[in-house]
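Here the structure is laid out as structure tokens; the discussion comes afterwards.
In what follows, chains are A, B, ... by sequence order, proteins preceding strands, each numbered from 1.
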There are 2 protein chains.
Amino acid sequence: MNKLSCVVLTSVLWSCAAPASQPQNDLLPSWNDGPAKKSIIAFVERVSKAGGPDFVDPAQRIATFDNDGTLWAEQPVYFQFLFALDRVKALAPQHPEWKNKEPFASIEKGDMTAALRGGEKSLAEVVAATHSGVTTEEFEIAVADWLAMARHPKTNQPFTKMAYQPMLELLHYLRDNGFKTFIVSGGGIDFMRVFAEKTYGIPPEQVVGTTGKEKFEIRNGKPVLIKLPEVDFVDDGPGKPVSIQKFIGRRPIAAFGNSDGDLQMLQWTCSAPGPRFCLFVHHTDADREWAYDRASSVGKLDAGLDEAIAQGWTVVDMKTDWKQIFEFAGNIQR
Amino acid sequence: MNKLSCVVLTSVLWSCAAPASQPQNDLLPSWNDGPAKKSIIAFVERVSKAGGPDFVDPAQRIATFDNDGTLWAEQPVYFQFLFALDRVKALAPQHPEWKNKEPFASIEKGDMTAALRGGEKSLAEVVAATHSGVTTEEFEIAVADWLAMARHPKTNQPFTKMAYQPMLELLHYLRDNGFKTFIVSGGGIDFMRVFAEKTYGIPPEQVVGTTGKEKFEIRNGKPVLIKLPEVDFVDDGPGKPVSIQKFIGRRPIAAFGNSDGDLQMLQWTCSAPGPRFCLFVHHTDADREWAYDRASSVGKLDAGLDEAIAQGWTVVDMKTDWKQIFEFAGNIQR
């Protein structure tokens with residue numbers, strides 16, 4: 001075939017791919033047509049309009065998302081902590097010393113009130129003990145097995161079904177418009193990577209989170225990475241911009257969070273010149289999900305809410321902005 | 001247009017894109033047709049042949065590259081160290097105390113023999129002092145300015161011209177075949193990110209390196225990240241598989257290095273099941289580049305060379321495998 005006929009065919013064929021007469025499909029069907037949805041679409045169209053004054057090169061279209069409370073639920077408590085509790089029970093036979101050691105003894109007995117008495121230090125101890133002493137590959141299998149079996153205490157759904165439908169649509173919508181989507185979460189990096197690709201379409205190399213120390217070793221002639229019971233870096237609060245710089249190396253143009261732990265990520269994103277977009281998910285739906293903000297022990301949103309109002313960031317009111325919250329139907333609180 | 005004519009047109013048009021009768025262009029023109037080039041092409045064709053027994057999903061086609069001595073030269077000394085030396089001179093007016101402090105005093109005087117007397121501890125001190133106390137953005141500008149002005153002491157070329165032409169072709173060839181290319185280097189992550197995208201086509205989020213600690217701060221109402229004079233993680237030797245797990249979260253199927261500092265990265269890559277490819281660049285060309293291996297103080301290749309031979313990894317003999325080494329012509333050693 002000669003070059004000219006190829007060019008002609010290409011132009012004719014173009015009309016198959018993009019019929020100009022049809023209206024564009026709604027790519028955010030679980031969002032009500034309120035100010036939040038409008039602000040998202042306006043921003044995306046602004047930065048992707050070729051030749052427009054606010055056009056952003058696709059390589060710079062970095063969007064970062066918190067995970068707990070932003071992409072999936074975080075009530076009654078962070079799901080990774082429920083994994084840690086189940087793992088204490090699973091590992092107990094290998095740790096007879098836990099029988100006389102708090103908070104492990106109380107967890108084994110199922111007495112959560114006693115288990116939580118030690119506060120954050122206890123919790124950190126539980127996470128360290130249950131997230132170490134294995135190879136990275138063994139840990140991935142443990143998480144995958146747990147996710148396949150475990151059910152949310154309130155909805156009885158697999159935890160990956162606790163992802164927010166409107167946010168899944170938003171992730172797709174951004175990627176369809178040339179954005180590269182990242183998770184930047186206080187959650188454990190090795191934990192999130194097990195489900196992020198399948199659940200959110202975010203590959204492991206775009207998942208940033210809290211890291212534990214790991215060690216390279218040759219075991220029986222085979223190289224392995226061992227997870228150590230020591231925190232490497234906590235990816236929360238002021239740690240989030242630090243992690244963004246370390247892992248991504250450029251400033252996002254859009255950031256999405258739901259708590260004060262995301263405030264610095266949003267400040268870092270939206271304080272630079274050029275078009276920027278910052279959004280907080282505000283948990284306002286006591287029937288279909290949970291309602292909590294300034295006084296919550298999980299996902300507290302207080303200083304962040306003030307700053308969002310002062311800066312004019314988008315605040316999603318879950319109750320009015322989201323048509324549907326989860327893929328499964330029905331209210332959570334009955 | 002109806003669906004059927006679109007399908008027909010698409011099949012006809014397909015022949016425009018891929019003319020079956022023409023031979024494939026040589027995508028590695030700076031490589032001689034020796035065993036190294038053959039092994040690369042054989043591997044890439046093996047993993048990308050749809051339906052073949054060794055097909056690897058594109059998402060899993062992760063390739064990691066060391067930088068110094070693998071993608072660009074590292075003689076007479078790591079280029080980043082030359083940057084640090086120039087920066088001591090540039091920063092000296094702000095540091096009167098350096099006049100009486102080694103190794104800074106000797107560097108200012110240009111007496112490198114005296115400056116190097118303190119060994120590695122001194123070198124680390126120079127890097128810490130010259131890579132901290134500024135914001136990440138100020139540091140990026142300093143590196144960019146230096147790269148624009150500085151010249152290699154032997155070739156008088158900009159340092160980015162010291163990239164190896166065959167390796168640039170290899171990076172492109174891999175990406176053309178669905179690979180995602182990463183740098184995993186002992187070099188400073190913030191230093192490399194300044195030129196990696198333009199020089200290698202590798203975006204910041206795919207550059208992994210040694211990290212310094214950084215701190216988020218609000219300065220005059222604006223968030224900044226300050227570089228601290230403290231090492232966070234050294235991405236070398238057994239640190240490389242640890243960094244790969246932390247930053248990428250999956251095991252590469254191909255790894256490229258040139259020194260014992262890359263050995264564990266190659267072991268980690270090539271010890272897993274499935275098709276794997278490991279390659280060492282062996283510096284054998286004393287005329288066109290440099291010849292060094294087992295006894296070199298920079299880029300020592302000793303245990304790595306033994307392991308490569310034992311494991312049957314590809315060893316590039318620069319002298320015989322590379323038709324051209326740099327984009328510029330001529331020998332370096334005259």
May I ask you to decide if the ring planes of B/Phe247 and A/Phe247 are parallel, tilted or perpendicular, using 30° and 60° as cut-offs?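 Rings of B/Phe247 and A/Phe247: parallel, as their planes differ by under 30°.
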Tell me, side chain or backbone of [X] under 4.5 Å from chain B's heavy atoms, or both, or neither?
| X | answer |
| --- | --- |
| A/Gln60 | neither |
| A/Lys180 | side chain |
| A/Ile189 | side chain |
| A/Gln206 | side chain |
| A/Val208 | neither |
| A/Phe182 | side chain |

Are B/Glu140 and A/Arg250 ion-paired here, with the side-chain N under 4.0 Å from a carboxylate O?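 Looking at B/Glu140 and A/Arg250, the cut-off is not met.
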Below 4.0 angstrom, N of the basic side chain to O of the carboxylate: do A/Lys246 and B/Glu205 qualify?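 A salt bridge is absent here (no side-chain N lies under 4.0 Å from a carboxylate O).
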Quick one: side-chain contact (heavy atoms from CB on, under 4.5 Å) partners of B/Thr210, sequence neighbours excluded? B/Val234, B/Asp235
Quick one: of B/Lys222, B/Gln267, B/Gln245, B/Glu214, who has the most non-hydrogen atom pairs under 4.5 Å with chain A?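 Answer, by heavy-atom pair count under 4.5 Å with chain A: B/Gln245.
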How many angstroms lie between atom CH2 of B/Trp268 and atom CG of A/Leu225, to the nearest 0.5 angstrom?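 So the gap between those two atoms works out to 4.0 Å.
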For A/Pro238 and B/Phe216, work out which heavy atoms get closest and say how close. O-CB, 3.5 Å
